[in-house]
Amino acid sequence: MAGESGVVVLGSTGSVGSNALDVIGRLPERLRLVGLAACSSWQRLAEQVKRFSPAAVSLYDSSLVEKLSEALNGARAQILSGQQGLLELATHPECQTVVAASSGTATLPAVLAAIEAGKTIALANKELLVMAGSIAMPLAKARQATIIPVDSEHSAIFQAARSGKGSEIEKVFITASGGPFRDSSAEQMAEASVEEALAHPTWSMGPKVSIDSATMMNKALEIIEAHWLFDLPAEMIEVVIHPESIIHSMVEFRDGSVVAQMSPPDMRSPIQYALTFPERLVGCTPRLSVGHLASMSFYRPDVERFGAIELGYRVVRTGGSSGAVLNAANEALVEAFLQRRIRLTDIPVLAKTVLDRHELISEPDLADILAAADWAVNEVRKCIA
Ligand code: MG
């Protein structure tokens with residue numbers, strides 16, 4: 001057994017971050033919280049610091065640091081802020097594993113620095129691979145940093161893939177719940193309200209991920225992630241709708257054998273696996289019953305109604321800066337939908353328009369990637385205006 005391992009959680013006040021703290025709190029002999037970082041939720045962050053007493057804490061929005069510091073009166077945590085705070089936490093000498101739980105691009109440089117420092121990354125942040133997979137994966141290989149996916153589908157592929165060698169994998173099936181509009185008509189989807197789009201049937205998640213699930217852009221991003229994580233071309237990745245979210249994904253080997261990973265949906269399951277890998281410790285999540293098994297159904301996605309899926313394959317084929325463009329365009333479009341400025345069904349259509357207009361940079365560095373993302377956000381503004 002590896003002994004106590006130091007963990008830093010970037011994005012600790014969000015949905016994945018809170019679940020990660022729950023897992024860490026249950027395994028005190030095994031996991032020790034070294035650092036916490038949030039964007040702006042200083043009150044929640046202060047509560048977490050009092051509960052876990054980490055060595056350091058970082059608030060991205062430096063204008064709120066004073067409030068955090070007052071709320072922490074007496075707590076001994078070192079208080080950091082901004083981009084520098086994230087970098088210090090991610091490369092903290094007492095940290096072995098960085099949980100990349102924030103969404104967005106603010107933590108990209110910090111997570112890349114953690115990879116550079118050879119840390120293990122428990123990866124929930126999609127942007128790292130969708131936008132910068134071409135930088136992150138070769139760097140991880142060179143620095144022998146392990147990236148363990150926390151996203152339930154990729155955790156499932158990671159676990160199932162261990163039944164054989166990488167070269168023996170023929171294909172992966174990424175499962176998708178299909179979101180709240182799985183069985184709706186195209187007309188119903190076009191009229192969908194923000195509230196309807198936020199009501200996810202099986203997973204409880206933040207607003208951005210919920211909308212991504214409603215458009216299935218989530219699956220497009222996951223296709224791109226799977227491509228980078230497991231070195232798979234587009235043809236080896238198939239999406240299957242599985243509304244009950246019991247099977248989290250499957251790996252087919254060249255002998256025709258298919259290995260699936262299943263469990264009732266609970267994010268703490270893939271989070272704990274990533275934090276204790278390669279061991280499996282006693283878990284706290286609900287157990288599989290025959291009732292779950294009897295309920296399972298599967299079908300092909302309607303690629304007409306969910307045009308986002310094709311955009312994921314397109315980015316895998318195109319590579320370069322296209323992932324950054326799709327991701328940033330989608331982010332801006334989701335925001336516009338939440339502000340009730342566009343329809344849900346405009347999201348994949350306008351994301352495609354922005355991709356069509358983009359002049360590809362085939363081997364981008366991080367600055368090119370961030371510039372392409374800014375460009376995409378601007379293009380979205382033009383499209384909406
Ligand atoms: Mg997922």
Side-chain angles (χ1 to χ4, degrees), residues 11 14-20 23 99-104 121-131 133 147-161 172-182 197-230 232 237-251 260-275 277 285 296 298 301 306 308-309 311-313 315-316 323 326-327 330-331 334 347-348:
S15 167
V16 174
S18 306
N19 278 307
V23 168
V99 181
S102 70
S103 60
I121 312 294
L123 184 67
N125 171 285
K126 287 192 192 299
E127 287 78 4
L128 180 77
L129 295 179
V130 170
M131 297 177 68
I147 298 179
I148 308 174
V150 163
D151 205 350
S152 59
E153 293 81 359
H154 304 83
S155 174
I157 297 169
F158 186 92
Q159 294 180 56
V172 301
F173 293 89
I174 297 190
T175 53
S177 71
F181 304 115
R182 189 178 65 228
L198 284 174
H200 194 272
T202 46
W203 292 99
S204 148
M205 309 174 295
K208 163 69 167 55
V209 190
S210 295
I211 302 305
D212 284 347
S213 175
T215 58
M216 290 194 73
M217 187 64 84
N218 195 34
K219 235 21 78 172
L221 303 178
E222 289 179 357
I223 289 167
I224 303 165
E225 279 186 277
H227 157 71
W228 286 115
L229 275 169
F230 308 107
L232 299 169
I237 306 170
E238 182 168 349
V239 174
V240 55
I241 304 286
H242 168 42
E244 299 79 15
S245 307
I246 303 296
I247 290 185
H248 301 302
S249 279
M250 304 177 249
V251 174
Q261 187 269 334
M262 55 177 106
S263 58
D266 189 316
M267 274 313 290
R268 292 173 299 179
S269 173
I271 290 169
Q272 177 169 317
Y273 182 79
L275 287 177
F277 174 81
T285 54
M296 295 199 297
F298 305 89
F306 295 101
I309 296 174
L311 300 180
Y313 288 118
V315 164
V316 169
L326 177 63
N327 187 75
N330 177 55
E331 225 170 81
V334 169
I347 295 176

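When a ligand or atom number is given, it counts from 1 through the structure's own listing order. Note that the structure is predicted; figures quoted are calculated from it, not measured.
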message: Before we go on, tell me: are the rings of F277 and F158 under 6.0 Å apart, centre to centre?
response: yes

query: Looking at M217, E331, K219, which one forms a side-chain contact (heavy atoms from CB on, under 4.5 Å) with D212?
result: M217

message: Looking at every heavy atom in both A122 and A274, which two are closest together, and how far apart are they?
response: CB-CB, 3.9 Å

task: Show your working on side chain to side chain donor-acceptor pair (under 3.5 Å) between S249 and H154 and close with a plain yes or no.
output: CA-CA 7 Å; S249 279; H154 304 83; over 6 Å; no

- prompt: With respect to M250, which candidate in I174, V172, I157, V240 satisfies the side-chain contact (heavy atoms from CB on, under 4.5 Å) definition?
  reply: V240

message: I'd like to verify the contacts: list protein N, O or S atoms under a distance of 2.8 Å from the Mg ion (ligand 1).
response: D151 OD1, E153 OE1, E222 OE2

Reported CD-to-CG distance for the pair E222 and L229, which is rounded to 0.5 angstrom: 10.5 Å

